[in-house]
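Values in this document were obtained by computation on a predicted structure and should not be read as measured data. When a ligand or atom number is given, it counts from 1 through the structure's own listing order. Counting from 1, the numbers follow the sequence of the chain as shown.
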Amino acid sequence: MESGQLIVITGPSGVGKGTLVKLLLAHHPELTVSTSATTRPPRKGEVNGEDYFFLSRDEFETMIEKGEFLEWAEYTGNLYGTLRQAVEEELEQGKQVLLEIEVLGARKVHESFPEATRIFILPPSLDVLEERLKKRGKDSPSAIAQRLDYAKTELEAAEEFDYSLVNDDVDRVLVELEKIIFN
Ligand code: 5GP
């Protein structure tokens with residue numbers, strides 16, 4: 001069977017990656033998304049094994065040593081990583097697998113999967129990003145400040161990616177993503 005396609009969706013926190021991925025999955029049930037591991041504590045309502053595999057730093061570091069991550073990165077003081085085996089199994093079954101990850105990890109995917117399609121989602125502006133992070137109410141004011149600080153550096157990487165899309169209109173960006181994925 002022909003191997004599937006790995007599609008990396010990256011960009012700063014709050015840019016709308018999660019919403020776009022949810023919409024893509026709702027419209028195209030043949031797509032799958034990889035569930036990442038993290039050392040970040042669960043937010044209210046998050047479910048272990050669904051939103052993330054929530055791990056201790058020791059557990060995560062042991063998995064790094066064993067080479068179990070396709071990519072991993074430290075982001076605002078926590079570790080986040082993509083489980084290699086789960087993704088490889090889906091790809092072997094010919095599936096199209098989405099990764100929704102931050103920018104340092106997205107860069108690293110290129111090392112193991114040079115053929116991955118890598119898409120960067122940009123906010124219309126940093127002000128809009130700040131508004132979105134505040135409005136979604138998931139993070140404390142200090143975490144929001146830290147995420148915005150990271151965003152400034154992350155945005156500089158946009159042009160390294162195969163595609164960069166400004167998320168000023170979710171419906172339009174969704175159509176753009178569909179064109180890229182199902183070209
Ligand atoms: P959050 O704490 O808001 O769930 O995620 C913080 C950032 O980590 C987001 O930009 C999210 O896309 C990213 N992220 C989630 N899973 C992974 C992963 O497996 N690897 C990397 N590198 N980043 C991830």
Within-shell test, Arg147 vs ligand 1, heavy atom, strictly < 4.0 Å:
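Per 4.0 Å heavy-atom rule, Arg147 contacts ligand 1.
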
Mark the output for Phe69 as yes if a heavy-atom distance to ligand 1 is under 4.0 Å, and as no if none is.
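It does not, in that no heavy atom of Phe69 comes within the 4.0 Å cut-off of ligand 1.
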
For ligand 1, indicate whether the residue Glu71 contacts it via side chain, backbone, both or neither (heavy-atom separation under 4.0 Å).
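The part of Glu71 near ligand 1 is the side chain, not the backbone.
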
Once you restrict to heavy atoms under 4.0 Å, what part of Glu100 touches ligand 1? Side chain, backbone, both or neither.
both

Are any of the N or O atoms of Arg43 closer than 3.5 Å to those of ligand 1?
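Arg43 vs ligand 1: N/O contact under 3.5 Å present.
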
Taking distance alone, with no angle check, do Ala73 and ligand 1 share an N/O pair under 3.5 Å?
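N/O-N/O distance under 3.5 Å: no.
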
Regarding Gln93 and Glu89, is there a side-chain donor-to-acceptor distance under 3.5 Å anywhere?
no

Sequence neighbours excluded, every pair satisfying side chain to side chain donor-acceptor pair (under 3.5 Å) that has a member inside residues 9-25
Ser13-Arg136, Ser13-Arg147

Quick one: nearest non-hydrogen protein atom to [atom], plus distance?
atom	result
atom 12 (O) of ligand 1	Lys17 CE, 3.2 Å
atom 13 (C) of ligand 1	Glu102 N, 3.5 Å
atom 19 (O) of ligand 1	Ser36 OG, 2.7 Å

Going from CD1 on Ile64 to NZ on Lys66, what distance comes out if it is rounded to the nearest 0.5 angstrom?
12.5 Å

Sequence neighbours excluded and cut-off under 3.5 Å, please list the side-chain donor-acceptor pairs for residues 149-159, or say none.
residue: Tyr150; atom: OH; partner: Thr76; partner atom: N; Å: 3.2

Among Thr10, Ile101, Val15, Asp139, which residue places a heavy atom closest to atom 18 (C) of ligand 1?
Ile101

Nearest heavy atom to atom 2 (O) of ligand 1 wins, so pick from Tyr52, Tyr80, Phe53, Tyr75.
Tyr80

Over 60° means perpendicular and under 30° means parallel, so classify the ring planes of Tyr80 and Tyr75, tilted if in between.
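Perpendicular: the ring planes of Tyr75 and Tyr80 meet at over 60°.
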
Would you check if the side chain of Glu176 reaches a backbone N or O of Lys179 as a donor-acceptor pair within less than 3.5 Å?
no

Counting only heavy atoms not in Glu115, do more than 12 sit closer than 6.0 Å to its CD atom?
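Enclosed: over 12 neighbouring heavy atoms sit under 6.0 Å from CD of Glu115.
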
